[in-house]
Amino acid sequence: MRYSKSFIPTLREDPAEARKNPSHRLLLRGGYIRQVGAGIYEFLPLGLKVLRKVEGIVRDEMDRAGAQEVMLPALVPAELFKETGRWDLFGSTLFRLKDQKRNDYHLGPTHEEVITDLVRGVVRSYRQLPVNLYQIQWKYRDEARPRAGLLRCREFLMKDAYSFDATEEGALASYRTMRAAYDRIFQRVGVKYRVVAADSGAMGGNTSAEFQILAETGEDAIVVCSACDYAANVEAAVAQRSLSAVAATVSGKRESDIATPNKKTIEEVAEFLKVPSTQTVKAGVYLFGQAAGSVPRMAVVFVRGDRRINEVALSRELTATWLRPAEDEELSAAGLQAGYIGPRDLPAGVEKVLVDREIAEATEMVVGANKSGFHRQHAAMADALGALGERANIADIRAVGSGDLCPQCGAALLEYKGIEGGHIFVLGTHYTGKMGAKFLDESGTEKLIVMGCYGIGVSRLVAATAEQCHNGDGLTWPMSIAPYQVMLSALVTTPEAVAAADGLYEALTALGVEVLFDDRDERPGVKFKDADLLGIPLRVTLGKKSLEQGKVELKARTSKDVELIDIATAAEEIAARVKAALG
RNA sequence: CGGGGCGUAGCGCAGUCUGGUAGCGCACCUGGUUCGGGACCAGGGAGUCGGAGGUUCAAAUCCUCUCGCCCCGACCA
């Protein structure tokens with residue numbers, strides 16, 4: 001492509017709306033994308049090229065893994081989501097619309113129902129299984145707050161695959177095949193990533209993993225073991241009980257009330273009673289429900305004073321479909337005193353009590369006394385638990401972070417930020433059960449198909465890669481997804497130089513190299529700045545001095561070194577470099 | 001959805017408090033000089049001041065409503 005004929009509107013200054021986010025800023029400045037509305041973007045020629053390359057890698061590996069491409073509609077009749085309850089469950093995130101006959105539709109945020117509907121209409125026998133179908137298609141989610149450019153959009157390109165197996169074991173095999181394909185995809189794209197254990201959320205099912213792309217600006221927190229292969233999203237992470245969590249020496253003193261007037265926070269109480277916060281117990285009060293719009297139920301949870309509560313883990317323990325912290329008025333209405341909530345004498349309105357495993361056997365703890373102005377000291381959690389009877393349970397509900405100990409090997413866990421690039425699940429019969437997707441097995445028995453689903457945010461992956469691949473001057477694309485492989489800059493405009501540049505451009509193109517040929521009548525500085533901003537991996541420069549020696553300059557975008565190579569053999573040499581970089 | 005901020009030329013911004021001819025830089029067009037890291041000089045084109053209503057002799061500026069976008073949080077199969 002000749003730059004002079006191209007549509008690459010680079011910006012000299014940072015767009016005001018994108019200063020916070022490197023990938024967003026550089027994709028806008030480099031003329032890759034433009035914003036149309038909140039969470040809605042246009043892909044310009046360069047951006048589309050990158051998107052198509054990621055898509056190509058994904059398609060290639062999906063096909064290689066035995067999945068078959070289909071295209072499902074983005075516009076979906078409401079009946080399918082109504083069948084599984086997600087028409088209500090999805091809430092405001094679902095883009096809903098009506099046709100001229102006033103029938104309900106939505107724009108697909110994900111396609112489990114549509115694909116299950118397709119498969120149940122076709123599959124009758126175990127002989128037709130397994131089958132794995134995928135599509136690469138635009139998804140629509142009315143995010144409450146779209147942000148960070150392509151990283152969190154309302155319209156985004158996603159690859160979603162769905163496997164259908166006759167048995168659990170088969171489903172697990174499909175899952176493993178997809179996991180291996182995902183590894184190849186992320187490696188080929190060229191990003192640093194970690195596969196982490198994930199929460200399965202409201203999708204149902206129990207086995208899932210996320211492919212997290214490491215980036216400072218990531219919205220997800222993950223913990224990774226410093227010694228073994230344990231890695232998990234903090235939502236799903238568990239940790240060994242640390243040494244400091246084991247109770248202080250037993251004093252032999254009896255549990256008793258102590259006045260703590262106006263001391264409500266952990267810090268205030270710990271300071272007032274001269275105990276470390278690790279010897280206090282923090283209470284959290286939640287309202288939750290097990291169906292959309294169900295009557296709220298109340299749960300009280302206890303973690304060590306210095307810990308945070310993992311609400312995702314909590315939600316999982318309560319098998320809740322929704323959950324939120326209780327408001328102050330709701331606390332008082334239930335007979336609870338904010339700041340003084342403890343495990344003793346909890347009102348009957350509290351249906352569930354969860355005690356974090358870390359403190360389940362702790363003694364010598366300071367807990368709330370459930371009366372205003374008082375805490376209890378020398379408390380043994382096991383005794384309190386016993387007194388609570390049926391409604392109390394022990395569970396892993398504390399948030400895990402840096403410094404916690406690996407549940408597998410006990411080494412220190414490290415915390416990182418990540419961008420969720422892919423997520424794979426074994427769904428089991430969650431959808432096939434609700435939608436009656438059945439088959440006859442070898443014995444003629446009717447069984448539910450066992451399902452798995454596998455997503456990759458294709459447009460998000462473009463931005464996530466940019467998030468990792470940039471420096472102070474601009475983007476630094478990996479060869480595998482760069483919009484062009486080579487940036488050819490002609491610095492001089494004499495007829496001989498133009499002819500030489502033209503010749504090299506034609507020769508490279510003939511060798512199958514993707515070249516952006518900067519033939520513009522611009523000063524060198526402008527061309528260098530734009531080349532760095534666009535981030536094309538190899539730069540070939542035709543300057544006056546080197547041309548006189550019959551040489552051209554070759555430089556990698558990520559390197560400072562410049563090589564001089566013979567113009568006569570330049571095309572072959574450069575093509576070889578490109579091929580080598582692609583692996 | 002709660003909190004905060006911002007909408008003025010393609011981009012970045014000033015002007016708003018204190019009402020009185022719509023400005024600056026970059027980009028763009030023309031001419032000239034330049035030409036290895038975002039050149040210089042001269043001339044020029046380009047704006048319903050987000051929208052609607054109101055106050056006023058007069059509104060980018062004051063008032064009311066409204067739309068949009070960004071940031072923090074909640075949310076995020």
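Source: prediction; values computed, not measured. What's counted below: heavy atoms across the whole structure, side chains too, no hydrogens, waters or symmetry copies.
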Check: Can a salt bridge be assigned to the pair A:K555 and A:D561 using a cut-off of 4.0 Å between side-chain N and carboxylate O?
Finding: no
Note to self: Would A:E219 and A:R145 count as a salt bridge (Lys or Arg N to Asp or Glu O under 4.0 Å) here? Give the steps.
What the structure shows: CA-CA 13 Å; A:E219 292 185 301; A:R145 181 149 99 83; over 6 Å; no
Notebook entry, point to check: Counting only distance, no hydrogens or angles, is the base of B:G38 paired donor-acceptor with the side chain of A:R29 under 3.5 Å?
Noted result: yes
Next item on the list: Measure from the side-chain heavy atoms of A:R145 and tell me the nearest of B:G73, B:G12, B:U34.
Entry: B:G73
Note to self: Taking the P atom in each of B:U48 and B:U61, what is the distance between them to the nearest angstrom?
What the structure shows: 16 Å
Checklist line | Rounded P spacing from B:G43 to B:C6 in Å | finding: 37 Å
Item checked: Base-pairing mate for B:C75 - Watson-Crick or G-U, with both contacts under 3.5 Å -> none
Notebook entry, point to check: For B:A42, which nucleotide is its Watson-Crick or G-U wobble mate, given both distances must be under 3.5 Å?
Noted result: B:U30
Notebook entry, point to check: Just how far, in rounded Å, is C1' of B:G73 from CZ of A:R324?
Noted result: 17 Å
Check: If you look at every strand shown and take non-hydrogen atoms under 4.0 Å, does A:R34 touch a base, only sugar-phosphate, or nothing?
Finding: nothing
Next item on the list: Taking only Lys NZ, Arg NE, NH1 and NH2, and the carboxylate oxygens of Asp or Glu, determine whether A:E317 and A:K352 approach each other closer than 4.0 Å.
Entry: no
Notebook entry, point to check: Contact class for A:A144 vs. all strands (heavy atom < 4.0 Å): base, sugar-phosphate, or nothing?
Noted result: base
Check: Going by modelled atom types, is there a donor-acceptor pair between the base of B:G37 and the side chain of A:D532 at under 3.5 Å?
Finding: yes
Note to self: Would A:D14 and A:R29 count as a salt bridge (Lys or Arg N to Asp or Glu O under 4.0 Å) here? Give the steps.
What the structure shows: CA-CA 7 Å; A:D14 289 338; A:R29 273 198 59 194; 3.5 Å; yes
Check: Counting any heavy atom closer than 4.0 Å, what does A:G37 reach on the DNA or RNA strands: base, sugar-phosphate only, or nothing?
Finding: sugar-phosphate
Give me the distances for all protein-to-nucleotides 23-28 of chain B N/O pairs that come in under 3.5 Å?
from  : atom 1 : to    : atom 2 : distance (Å)
B:G25 : N2     : A:E13 : OE1    : 3.1

Note to self: Any strand counts, and the cut-off is 3.5 Å on both contacts for Watson-Crick or G-U wobble. Which nucleotide pairs with B:G12?
What the structure shows: B:C24
Notebook entry, point to check: What do the steps show when you test A:E563 against A:R577 for salt bridge (Lys or Arg N to Asp or Glu O under 4.0 Å), and what is the final call?
Noted result: CA-CA 13 Å; A:E563 267 182 82; A:R577 301 283 180 100; 2.9 Å; yes
Item checked: Lys/Arg N to Asp/Glu carboxylate O, A:K417 vs A:D220, below 4.0 Å -> no
Margin query: What's A:K544 touching, base or sugar-phosphate or nothing? Going by heavy atoms closer than 4.0 Å.
Written below: base
Next item on the list: Check every strand shown and say whether A:P9 touches a base, only sugar-phosphate, or nothing at a heavy-atom separation below 4.0 Å.
Entry: nothing
Check: Taking the side chain as C-beta and beyond, is there a heavy-atom pair between A:C153 and A:W138 under 4.5 Å?
Finding: no
Notebook entry, point to check: What is the distance, rounded to the nearest whole Å, between atom CG of A:L491 and atom P of B:G36?
Noted result: 8 Å
Notebook entry, point to check: Base, sugar-phosphate, or nothing: which does A:R539 touch, judged by heavy atoms less than 4.0 Å apart?
Noted result: base
Next item on the list: Check the distance between B:C69's P and A:L28's CG and give it to me in whole angstrom.
Entry: 15 Å
Next item on the list: Using atom CG of A:L94 as one end and atom C1' of B:C75 as the other, report the distance to the nearest whole Å.
Entry: 15 Å
Item checked: Between C1' of B:C69 and OH of A:Y41, the distance in whole Å -> 10 Å
Notebook entry, point to check: Who is the Watson-Crick or G-U wobble partner of B:C49, with both distances under 3.5 Å?
Noted result: none
Next item on the list: For B:C6, give its Watson-Crick or G-U wobble partner with both distances under 3.5 Å, or none.
Entry: B:G68
Margin query: Counting the atoms with a prime plus P, OP1 and OP2 as sugar-phosphate, which does A:E553 contact under 4.0 Å by heavy atoms, base, sugar-phosphate, or nothing?
Written below: base
Margin query: Under a 4.0 Å threshold between the charged nitrogen and the carboxylate oxygen, would A:D306 count as salt-bridged to A:R398?
Written below: no
Margin query: Base, sugar-phosphate or nothing for A:D530? Non-hydrogen atoms, less than 4.0 Å.
Written below: base
Margin query: Pairing check on B:U18: which nucleotide meets the Watson-Crick or G-U wobble criteria with it, both distances under 3.5 Å?
Written below: none
